[in-house]
Amino acid sequence: MSSIPGLPTQGSDVTILITRVHLHPLCVLVEFWGKFSQDKTREYEWLAKDIQSPGNAFQEFEGNPGDQCLVQIDGTWYRSRIVSRNVSKYNVFLIDKGMSSSTTTSKLAWGKREHFGLPPEVEFCVLANVLPLSPESRWSPVAQEFLKSLAGKSMKAHVQDVLVPHRTFVLHIPCLSKQMYEMGFAKKLSSDMFHDFVFLSLQSQSTSQTHSSVQLSASAVSTQQISIGAGERLHKQELFMYPELPAGTVETVIVTEVTTPQRIFCQLKVFSQELRKLSDQLSQCCEGRRTSCLVGPEMIGFPCAARGNDGRWYRSLVQQIFPVNRVVEVLNIDYGTKQFVQVDNVKPLTGEFFRLPVVTYICSLHGIIDKGVGWTSSQIDFLRNLLLCKTVIAKFEYQSISEGVHYVTLYGDENTNINSQSACDFFVKAVTDKELNVHVTAKYDNVYVVQLTDLKAQGERDLSTLMCRSNLAESAETQRQHKAKMSIEPAALPPTQNPDSSLSGIHKNNGMSSRTRNAAGPTNIERKVPTFKEHMFPIGSVLNVSVSYIESPNDFWCQLVQNASHLKLLMHDIQAHYAGSEFQPLLETACIARHPDNGMWYRALVIHKHETAHVDVLFVDYGQTETVSLYDLRKICPAFLSLHGQAFRCSLLNPVDPTSAINEWNNEAVEKFHSFVQTAASNFVILKCTIYAVMYSEQKIVFNIVDLETPFESVCTSMVSLVQNAPPKKASGSSFRLDTYYYSTHNIKIGTEEQITVTCVNNVTQFYCQLERNTDVIKDLKIKVNNLCHQLQNVKLPAVFGTLCFAKYTDGHWYRGQIKATKPAVLVHFVDYGDTIEVDKSDLLPVPKEANDIMSIPLQAVMCGLSDIPANVPNKVNSWFDTSATESKFRALVVAREPDGKLMVELYQRNIQINSKIKKMFQIEMGCKQDIKRRNFSAPKPELLRKDESKAQNMNMHTASKSLRSVCEYGQKVKAAPLPLYRPPSQRETCGQMPSNVENMSQPAGAHAKQREENLTHQFESKSYCAEYQKENTVEKLPTLADLPLKSITPGMEADVYVSHCNSPLSFYVQLVREEGEINTIAEKLNDPTSTLQTSAIGDLHPGDLVQAEFADDASWYRAVVREIHGNMTAVVEFIDFGNTAMAPITKLGRLHQSFLQLPVFSIHCMLSDAAALGKEEMLDPEKCLAFREDIGGDGEKKLKCQFIRQSGSVWEVSLKDSGMNIICKASTRCLTDGSEIPEEVERTNTEPTQNSGKLSENPCSVSYCEQEFSEEQQLQIYITAVVDASSFWCQRADTGELDRIALSVSEVGSSVDTHVNPHTISPGCPCIALFSDDQLWYRGKVIRKDGDEVSILFVDYGNKSQVNIADVRVMPPSLVAAPPQAFLCGLQGFDSSFGSWTSDAVDALSALTADKLLKVTVTGVERDQENIKYLVQMECDGQLINKVMETWWKSLTSENNPDALGLTTSYEVDDLPFIHTKQLGKSFGAHCL
């Protein structure tokens, strides 16, 4: 027991404000969070305000457990710590609220360092000396209600204990304890007994990963079966225990299940007999119980007993439930196998079967990765044959909490490393029947060390390098033998000035070089000297590190954190081995030394011998240098040399002058660096270390020039101001020389595109390119290098120089180079181009130290690899790529960055994706079968493409029986967004104030918003949100179209296509002929009766969910997206690979297996190019649709040539050719009075009047928005943004994530000077971007009309209207049209203008009731016209029904007073903005375009 600085100490009396009480049925301790002091209230208020402007938003897969960050809940940002992560889902702990929350990547952001300076605002406390009085050891409902009431109360308390490791305060609150005793639900314990009980509970939690051991005393009660009717109900009152395995544990295991190399179940063999006995006992227990079991969706994750296919009973966990079929999927926890069993074969698990812990661990093979391309079925089959049901030795390297697995190394017969089996197979295949060049590099104990080279190989010829690049081997430099000498030069390291630095840090596989000379020895003959291995990192590498020792910013040591357990295990073994050891004369520099401060043994290098019996040693795993007695040295056991030295030496990058390798930093800079490192260490923040260059001193000591970063700052960037204010001086003393040129990221971001020229190809996974934007830099560099080299040729140069050089290429010009080898020939890597070739020594020149302008330019050759292409492709693939790509220009899409800095890219040349072309040409499959069948699978053709369908009227989109909800008339798809936590208007101003409108006044949204206190939870939640929440806590969320990879199509691309579905010339779908095989393969796998992929039932369904659906006409399954949900029985789905929609029973929908989410949507939504110009109404004419259908081939089997012209939203404008002839829209004809015929276009031209008025032609634009769609009874959380009148107002959904994204993109487009709109091309209905004069910010809009130089604009994301000068209008890019308007028109249900009217003050009343308030609305109906959809709603606010309240301002009319009361159409105009509402009788809300 101790104390926590700044907080109450044990024995003190305090006042605490209880902020939250934690209640859980399994928790017997009264746990709560509270504030001890109100002195810093103002500081926390300022902090809360400051963090509302967070740092960088989280990117995909960013953030790890333990990281501190900011989380957005209800529109407010809070300080938090990541507890766990599963792909894009996170569990975070709000450190100032004392509560956990589930969130996603989009709601997380990095904070600034100063945001985490203050301690948590609340502290975790336990009420002392009280436990439940009930025999079940549970708090009764009365007790729970009482404990809930404590929140918000301030009480006097005595600090009985402070549990520092757990940051927990045990508080005795006499008045509270007494009241609980008197109420009869708590029993009193002495302070000593309670102290022992708490420690027992904590110990149980740490070892069993289950609830407090206090539950054991009540196990007999808690495991009683609950009978409901004739059935038993599963319960979760007991949890399985999972013993912790320390890192480095070695156990004999039985492999019970193999799913992938990253998911292998290993059972401790020592418990195998016990598990068999347990299974026998379980079978005897369950077979005698005949009652049925009641299983519900809420029981997913519950423990149970399940009868397997072999008739035996197993301890299991419920995974999925299929009520219709009475089937349950269970996971047998002791074997890792999943099975589907009948519910009759599931029973509750009684208490005695929880006593044996779970000793089967989910494991991942250490060092084995798939590089993001997955595993083929043959690879998994090979692994299953190798491991399944086999007994092997497993070394548990470390546990990944976030991934839920143990990383292991498995050893088979004769201690064969199973993890390396693939390396052996690769080596055998690479050398068998090959003519190889063998170069002997060394000999140890009659074993020759050789370099193998395949001179006939395409690309990389060195076998060692090839295996390293394929992650099958680890590179290590061959250590040179040094002659032993009697004397030692002065120490290469400066003397330590920090003797108190801890040596207990953690590190991984980076080592210290053995380039120091032998400290002592009588001979001059060469002999093998024990040495430590050293890791050399390529420049551009990004490493996770901790700083282990600091001499200065110029000289500090880092350790890799990924292999922490290796060093910990090594240190444990060293202490055990050398305990009680005696001194023996030492001859080697590599040794074991005892630290003079703590007496522990460490691996060390002797770097200097004193005249006395002392030496200076460098502790190679930490970087610290100490003077120790000769008698504290020991010979190192060879086994302790295998692990690389764990510390590597670094020097901080000079942010102002990178060529200044070493600097004299001022005191402020040194303190800043120390503070940066110490803060990161104290907050357990892992540092990102980027290697920018490598340099060495006169003593050949290697330094890595690096930058260190936390998620919040870069230390180099932070020190820029210090360098600018006081420029660092060049250090005196030892000189340093760069051993590499400088690396640069060139500010290339993942997800961006770059224009590149490929300069060198080694293979498809390693080639070099130059950026087009650096062309001038490269030209200027070439001139400088050649001018300097011509001068150097005329002077006398040293015979020996470092690895950096100038080298003459085969074209006769000089370029920057780096020498990679000198024997048997000189090999030079041309760093700005990527080539590595043999160069004559006469064609080399050294790089002078004075050539700073040349040295300061970073490498221009960017190393890349083709994404989604395996490394071990046939030689002909690499040869083709080399020939085709070298010196060619491409557009590169950056998809990933590997740890060594290599960029994984997709290459495009005009309309061709190179990655895809290679896979097609050479039939390369990524984990799929090689055979592709011809178009022989029945596709889900819509009614319109069936040969026996002849009704032309079905071609009309407005009369077709198929629902087209969520697809507008131009085919833009609308993805129904879920309802995450809301963001209040007062917080929306971070992206600029947005336009809003109250009646006819234009003003920014939130201009009059009042600050209000936000709760973390709402008093009401929509049904869909509640369902979403329950779903996330029971079953995995369904994917959406956004989870599928994008299809690569570029303007100008031509391809052979089939038309898979046709609505009209303005809306039809095509499939690429070349993708036919993949489409058929999906259908075959979905409908394969022998497939092991199980169709999982769906619990909660939402529009936008991606599923597999059965097409009724052929009873086959296809990928589909849900468009509408009708009640609880049916849904409208769109088959995404074909384009047609159909009504399907929800029972005929299933969850898609993960493998079907790896392929893009194969249907492409198109419209015919010349159809867009002829007008929508004409193109929907049934005769034209029928003619178009005949031209494209009604059965969908005609192969057409398609050119993709441009994309409008999600629809591609295309031209089609059939046998070389253009397919055009044939204009229908009408008879004149004389019987002749004229085309409709001519008739229209001759009959329409000239538009001379200010109002523009009503011809619709070819591009339009697609409104949000809501179904009847759907509940939403909204804010009102603009009020037209009491009957019509504009709303936004409370979730503003999409709105923020739109605002950011719009701002970029609006600021562009080259996107001005042509005044003659805009017309009513055209999307645009317009400047809102009140706040001078840009917003999306729609043109209402034009009056001279003024344009009337409706701001579609807010609902207000404004006059805008045409100079302040910009062209709308297609990418911004795709997102639906964020504002939608609503009206209160029950107020029909045909039967009444509003009083003059109704608008003010509605505004007062709803302004800046979170509202809950339920959609009850819809009204439509040609311009808008208006939703009729029931509205609630603060517990009252607004519809009911507004009756006060409504005046009813009688039929006598209002002859038109029964009319169905009402026309009115507000602020010159017309709305015509026509009541619709149907309830199927089709898609509608603005």
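What you see is a predicted model; the values in this text were computed from it and never measured. All residue numbers in this chain count up from 1 along the given sequence.
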For this session: Please round to the nearest 0.5 Å and tell me the distance separating atom CG of L1385 and atom SG of C1291.
Result: 8.0 Å
Seminar exercise, completed: The reported gap from OG in S1352 to NZ in K1342 (rounded to nearest 0.5 angstrom) is 10.5 Å
Seminar exercise, completed: Between Y1279 and K1413 the two heavy atoms that sit nearest each other are CD2-O, 3.2 Å
Problem set entry | Heavy-atom donor-acceptor pair, S1067 side chain to N1063 backbone, under 3.5 Å | no
Exercise. Does a side-chain N-to-carboxylate-O contact under 4.0 Å join E754 and R773?
Worked result: yes
Problem set entry | Heavy-atom pair with the smallest gap, counting every atom of I1205 and V1214 | CD1-C, 4.0 Å
Exercise. Any side-chain heavy atom of T1410 within less than 4.5 Å of one from L1415?
Worked result: yes
For this session: Indicate yes or no for a side-chain donor-acceptor contact from Q1268 to the backbone of P1381 under 3.5 Å, with no hydrogens or angles considered.
Result: yes
For this session: Taking the side chain as every heavy atom from C-beta outward, state whether L1376 and V1306 have any atom pair closer than 4.5 Å.
Result: yes
Problem set entry | Test side-chain contact (heavy atoms from CB on, under 4.5 Å) applied to H1165 and W1212, Y1069, F1068, the passing residue | Y1069
Exercise. So, the side chain of D74 versus the backbone of T76: is there a donor-acceptor pair under 3.5 Å, distance only?
Worked result: no
Seminar exercise, completed: Here the pair of heavy atoms bringing F1384 nearest to R1293 is CE2-CG, 3.8 Å
Exercise. So, does N1360 use its side chain to make a donor-acceptor pair with the main chain of F1355 at under 3.5 Å?
Worked result: no
For this session: Begin from the C-alpha positions of I1366 and E1350 and carry the test side chain to side chain contact (heavy atoms under 4.5 Å, CB included) through to its verdict.
Result: CA-CA 6 Å; I1366 200 165; E1350 295 289 319; over 6 Å; no
Problem set entry | Side chain Q52, main chain W77, donor-acceptor under 3.5 Å | yes
Exercise. To the nearest 0.5 Å, what is the distance between CZ (F58) and OG (S106)?
Worked result: 11.5 Å
Exercise. In terms of side-chain heavy atoms, does E1213 have a donor or acceptor partner in S1169 at a distance below 3.5 Å?
Worked result: yes
Exercise. Going by heavy atoms in the side chains, are D1357 and I1302 under 4.5 Å from each other?
Worked result: yes
Exercise. Does a side-chain heavy-atom distance below 4.5 Å link L108 with Q72?
Worked result: no
Problem set entry | side chain to side chain contact (heavy atoms under 4.5 Å, CB included) between R1301 and L1299, worked out | CA-CA 5 Å; R1301 186 193 67 78; L1299 185 65; over 6 Å; no
Exercise. Between the main-chain N or O of V1284 and the side-chain N or O of S1288, is there a donor-acceptor pair closer than 3.5 Å?
Worked result: no
Exercise. Minimum heavy-atom separation for I1280 to V1283, with atom names?
Worked result: CG2-CG2, 3.9 Å
For this session: State the CG-CD distance between D1300 and Q1382, to the nearest 0.5 angstrom.
Result: 9.5 Å
For this session: Check whether any side-chain heavy atom of F1270 sits under 4.5 Å from a side-chain heavy atom of T1418, and report yes or no.
Result: no
Exercise. Heavy-atom distance under 4.5 Å between the side chains of L1388 and M1435, does that happen here?
Worked result: yes
Exercise. Just how far is it from atom CD1 of I1224 to atom CG of L1168, taken to the nearest 0.5 Å?
Worked result: 9.0 Å
Exercise. At what distance, to the nearest 0.5 angstrom, does CG of L1354 lie from OG of S1362?
Worked result: 10.5 Å
For this session: Would you sort out whether W1398 and F1391 count as a ring-ring contact (aromatic ring centres under 6.0 Å, His included), showing the intermediate values?
Result: CA-CA 9 Å; W1398 295 101; F1391 301 96; 4.6 Å; yes
Exercise. With a 4.0 Å cut-off, would you call D1295 and K107 a salt bridge?
Worked result: yes
For this session: State whether the number of non-hydrogen atoms from other residues, nucleotides or ligands found under 6.0 Å of N56 atom CG is greater than 12.
Result: no
Exercise. Do I1429 and E1423 have side chains that get closer than 4.5 Å, going by heavy atoms?
Worked result: no
Problem set entry | Any donor-acceptor N/O pair, Q1274 side chain to S1271 backbone, under 3.5 Å | yes
Exercise. Just by modelled atom types, is the I748 backbone N or O under 3.5 Å from a matching donor or acceptor in the T752 side chain?
Worked result: no
Exercise. Any side-chain heavy atom of K749 sitting closer than 4.5 Å to one from V894?
Worked result: no
Exercise. What pair of heavy atoms forms the shortest contact from L1406 to I1442, and how long is it?
Worked result: CD1-CG2, 4.2 Å
Exercise. How close do I1353 and C1328 get, heavy atom to heavy atom, and via which atoms?
Worked result: CD1-SG, 3.7 Å
Problem set entry | Derivation and outcome, side-chain hydrogen bond (donor to acceptor under 3.5 Å, both in side chains), residues T1050 and Y908 | CA-CA 9 Å; T1050 56; Y908 297 87; over 6 Å; no
Exercise. Would Y1358 and W1290 count as a ring-ring contact (aromatic ring centres under 6.0 Å, His included) if you check the C-alpha gap in whole Å, the side-chain angles of each, and the deciding distance to 0.1 Å?
Worked result: CA-CA 7 Å; Y1358 300 88; W1290 292 88; over 10 Å; no
Problem set entry | Short side-chain to backbone donor-acceptor contact, R1340 and P1327, under 3.5 Å | no
For this session: Report the C-alpha distance between E1272 and Y1431 in whole Å, list the side-chain angles of each, state the deciding distance to 0.1 Å, and finish with yes or no for side chain to side chain contact (heavy atoms under 4.5 Å, CB included).
Result: CA-CA 9 Å; E1272 190 171 348; Y1431 294 100; over 6 Å; no
Problem set entry | Exam field: side chain R1206 to backbone G1052, donor-acceptor pair closer than 3.5 Å | no
Exercise. With a 3.5 Å cut-off and no angle check, do the side chains of T1420 and Q1389 form a donor-acceptor pair?
Worked result: yes
For this session: Kindly determine whether K1430 and S1287 satisfy side chain to side chain contact (heavy atoms under 4.5 Å, CB included), including the steps that lead there.
Result: CA-CA 10 Å; K1430 179 179 176 181; S1287 295; 4.2 Å; yes
